[in-house]
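FYI, side chains are in, hydrogens and waters are out, and symmetry mates aren't considered; it's all heavy atoms of this structure. Residue numbers start from 1 in every chain, and the chains themselves are labelled A, B, ... in the order their sequence lines are given, proteins ahead of strands.
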There are 2 protein chains.
Amino acid sequence: MRLVIARCTVEYDGRLEAHLPEAVRLVMVKADGCVAIHADGGAYKPLNWMNAPNVRREEPGRWEIANAAGERLVITLHEVLSDTSWELGLDPGLRKDGVEAHLQELLAEVPHLFGDGLTLVRREYPTALGPVDLLLRDTAGAVVAVEVDRAGAAHVAVEIKRHATIEAVEQLARYLEFLDRDSSLAPPVQGILAAQTITPQARTLATSRGIRCVVVDYDELRGLRRDELRLF
Amino acid sequence: MRLVIARCTVEYDGRLEAHLPEAVRLVMVKADGCVAIHADGGAYKPLNWMNAPNVRREEPGRWEIANAAGERLVITLHEVLSDTSWELGLDPGLRKDGVEAHLQELLAEVPHLFGDGLTLVRREYPTALGPVDLLLRDTAGAVVAVEVDRAGAAHVAVEIKRHATIEAVEQLARYLEFLDRDSSLAPPVQGILAAQTITPQARTLATSRGIRCVVVDYDELRGLRRDELRLF
DNA sequence: GTGTATATCTCGGGG
DNA sequence: CCCCGAGGTATACAC
């Protein structure tokens with residue numbers, strides 16, 4: 001990794017055009033060749049950048065970086081205050097826990113939480129528009145629907161979010177539209193929006209579309225699984 | 001701006017949990033107190049970070065950074081290879097050209113491109129869900145609708161995107177639903193999706209919802225405006 | 001502050 | 001390769 005502190009101006013021409021007036025900034029060049037220009041504030045996002053792969057032509061006082069898509073970044077270095085390089089080596093990478101995928105894993109193990117007699121058909125059930133998080137089947141005729149037109153549904157589609165907004169409702173509604181045309185399922189398919197938090201607007205829209213909202217708790221689910229495992 | 005090159009491990013506990021095994025990385029601390037931990041690759045996004053505002057408690061070999069939301073970042077420094085600081089000063093900031101807002105400005109000037117007799121009512125026309133990019137009015141009864149149920153519409157809502165996906169169609173469909181209930185407009189309101197590029201899936205969904213797709217060219221529009229200005 | 005929309009989003013997965 | 005969806009998205013803006 002190379003770190004250059006310099007008074008510079010920058011021009012970017014590609015997906016848009018952007019210009020940075022003269023100021024002192026950090027220019028970071030990583031081992032893969034990607035370049036980022038940072039100011040001394042504004043979260044982690046650089047002011048300007050060029051991703052790898054790219055080609056960098058370096059002349060005294062002027063760097064020109066271009067990629068195959070025709071994007072071009074020109075850095076004019078008026079004064080270089082520091083120019084250092086470091087061997088960092090390959091990073092072992094980040095381990096994450098608590099993202100939507102984990103919520104999905106946990107919920108897939110306890111489908112009966114959404115209604116007695118509900119069992120898992122599969123996770124990531126495919127539709128023409130994309131995969132539904134969970135598809136459940138009612139094995140006891142006990143689905144409780146909030147709207148008459150989806151009452152007694154034999155299948156239930158579950159959309160899982162950490163935080164559900166209107167977008168999540170739209171997404172599930174799209175899936176339901178296509179699931180109702182799925183010949184292997186008997187329409188109507190019931191929809192459930194499951195999330196740790198749900199905005200009031202999303203809840204309103206969901207209700208008006210006959211979609212049930214369920215608030216779930218990640219820590220509680222983890223505990224539940226631990227408790228269930230104890231039975232064996 | 002402070003730049004620390006160090007062999008370190010990192011723990012984040014907040015909106016999720018994340019862990020970074022021991023490796024040499026760059027720890028960047030900006031003037032506003034935000035912290036970012038970079039590996040030597042992977043575009044501009046850091047492996048881990050903490051935005052401002054936050055409180056940083058620094059002990060030898062261990063930084064603990066926390067914010068008001070209860071998020072916590074702990075950096076254990078096993079070996080510090082370099083620790084430098086720089087005065088960058090306030091950045092004059094980035095000037096951009098070619099974003100969606102500019103496309104909207106240009107299109108607002110030539111509403112007749114969407115159909116003869118169409119004039120601009122206003123940009124950012126408000127609905128309960130948010131503003132519609134452009135609302136047009138048919139002053140010549142010449143709106144061409146792709147679906148019978150929206151034929152002869154007196155008003156046209158235009159959603160503008162640089163690149164239109166299914167999301168854009170959903171967004172416009174939501175607006176149309178509310179515009180049809182707008183007492184100051186006579187339903188049905190026609191919808192047009194205008195973008196520099198439109199995905200095939202978005203086009204399919206748009207057509208099935210009676211929304212017309214129009215591909216626009218930013219450079220051509222700029223030229224068009226220049227040509228029109230020459231007339232005066 | 002919440003909610004909504006944009007972004008040179010980045011990043012990963014699947015067809 | 002494109003498309004889609006998630007993100008500790010970040011960021012701006014309106015209510």
Side-chain angles (χ1 to χ4, degrees), chain A residues 10 12-18 34-37 42-52 67 69-73 93-94 96-104 124 126-133 159-168 170-171 174-175 197-202 204-205, chain B residues 12-18 34 36 42-52 67 69-73 94 96-104 124 126-133 159-168 170-172 174-175 197-205:
Chain A
V10 184
Y12 165 77
D13 189 358
R15 280 172 275 187
L16 55 65
E17 290 163 34
C34 75
V35 179
I37 296 135
Y44 64 66
K45 202 179 175 183
L47 294 163
N48 229 326
W49 69 91
M50 181 74 87
N51 288 342
N67 69 11
E71 295 174 275
R72 219 167 56 98
L73 187 72
L94 188 66
K96 289 185 186 181
D97 182 30
V99 293
E100 187 195 297
H102 299 122
L103 204 52
Q104 190 191 111
E124 305 288 348
T127 77
L129 292 175
V132 177
D133 286 337
E159 177 64 34
I160 299 168
K161 285 273 182 288
R162 289 193 302 127
H163 178 64
T165 65
I166 284 178
E167 287 309 295
E170 297 279 23
Q171 197 180 338
R174 277 202 304 275
Y175 291 150
T197 55
I198 303 176
T199 66
Q201 285 85 346
T204 303
L205 187 64
Chain B
Y12 165 78
D13 189 357
R15 280 173 274 186
L16 54 64
E17 290 165 34
C34 75
Y44 67 66
K45 201 176 177 185
L47 294 163
N48 229 328
W49 69 92
M50 182 72 87
N51 288 342
N67 69 10
E71 294 174 274
R72 218 166 56 99
L73 187 73
L94 187 67
K96 291 184 188 184
D97 182 31
V99 293
E100 187 194 299
H102 300 122
L103 202 53
Q104 188 190 113
E124 305 288 348
T127 77
L129 291 174
V132 177
D133 286 337
E159 176 63 34
I160 299 167
K161 285 275 183 285
R162 288 190 306 126
H163 178 65
T165 65
I166 283 178
E167 289 308 298
E170 295 281 25
Q171 196 180 337
L172 179 51
R174 282 201 301 275
Y175 292 150
T197 56
I198 303 177
T199 67
Q201 285 84 348
R203 197 177 281 273
T204 303
L205 188 63

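With contacts defined as side-chain heavy-atom distances shorter than 4.5 Å, the pair His163(B)/Thr165(B) qualifies. Considering only heavy atoms from C-beta on, Lys161(A) comes within 4.5 Å of Gln171(A) through its side chain. The shortest distance between side-chain heavy atoms of Glu100(B) and Asp133(B) falls below 4.5 Å. For the pair Thr127(B) and Val132(B), the minimum side-chain heavy-atom distance is below 4.5 Å.
Annotation: of the two residues near DNA chain C, Tyr175(B) and Tyr12(A), the 5′-most nearest-nucleotide partner is Tyr175(B). Residue whose closest nucleotide on DNA chain D sits further toward the 5' end, between Pro131(A) and Leu73(B): Pro131(A). Annotation: of the two residues near DNA chain C, Gly130(B) and Val99(B), the 5′-most nearest-nucleotide partner is Gly130(B).
The separation between Asp133(B) atom CG and dT4(C) atom P is 16 Å, rounded to whole Å. The interatomic distance linking His102(A) (NE2) with dG7(D) (P) rounds to 10 Å, in whole Å. Atom CD in Glu100(B) sits roughly 17 Å away from atom P in dT4(C) (whole-Å rounding). We find that CG of Leu47(B) is positioned 18 Å from P of dG7(D), with the value rounded to whole Å. Going from atom CD of Glu167(A) over to atom C1' of dG5(D) covers 11 Å, rounded to whole Å. For the pair Lys96(B) NZ and dT6(C) C1', the interatomic distance rounds to 9 Å; values are reported in whole Å.
Of the side-chain N and O atoms in Thr199(B), one or more sit less than 4.0 angstrom from OP1 or OP2 of dC4(D).
Using a 4.0 Å heavy-atom distance criterion, Arg72(B) is classed as making no nucleic acid contact. Residue contacts shown for Met50(A) are absent, as no nucleic acid heavy atom lies under 4.0 Å away. Within 4.0 Å (heavy atoms only), Glu159(B) reaches sugar-phosphate atoms of the nucleic acid but no base atom. At a threshold of 4.0 angstrom between heavy atoms, the contacts of Gln171(B) are confined to the sugar-phosphate backbone, with no base atom among them. Backbone-only engagement by Pro200(A) is indicated by non-hydrogen atom pairs under 4.0 Å involving sugar-phosphate atoms exclusively.
The aromatic rings of Tyr44(B) and Tyr44(A) sit tilted relative to each other, their planes meeting at an angle between 30° and 60°.
If you take CD on Glu167(B) and CD on Glu167(A), they are separated by 4.5 Å, rounding to the nearest 0.5 Å.
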Reading nucleotides 10-15 of chain D from the 5' end, what letters show protein touch, with B for base, S for backbone sugar-phosphate only, - for no heavy atom under 4.0 Å?
SS----

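Nearest nucleotide to the Ile166(A) side chain, out of dG5(D), dC4(D), dT4(C): dT4(C). Each of dT4(C), dA6(D), dA5(C) was ranked by its minimum atom distance to the side chain of Lys161(A); first place goes to dA6(D). With dC9(C), dC3(D), dG7(D) as the choices, the nucleotide that has an atom nearest any side-chain atom of Arg162(B) turns out to be dC9(C).
A salt bridge is defined here as a Lys NZ or Arg NE, NH1 or NH2 lying under 4.0 Å from an Asp or Glu carboxylate O, and Glu170(A) with Arg174(B) meets this definition.
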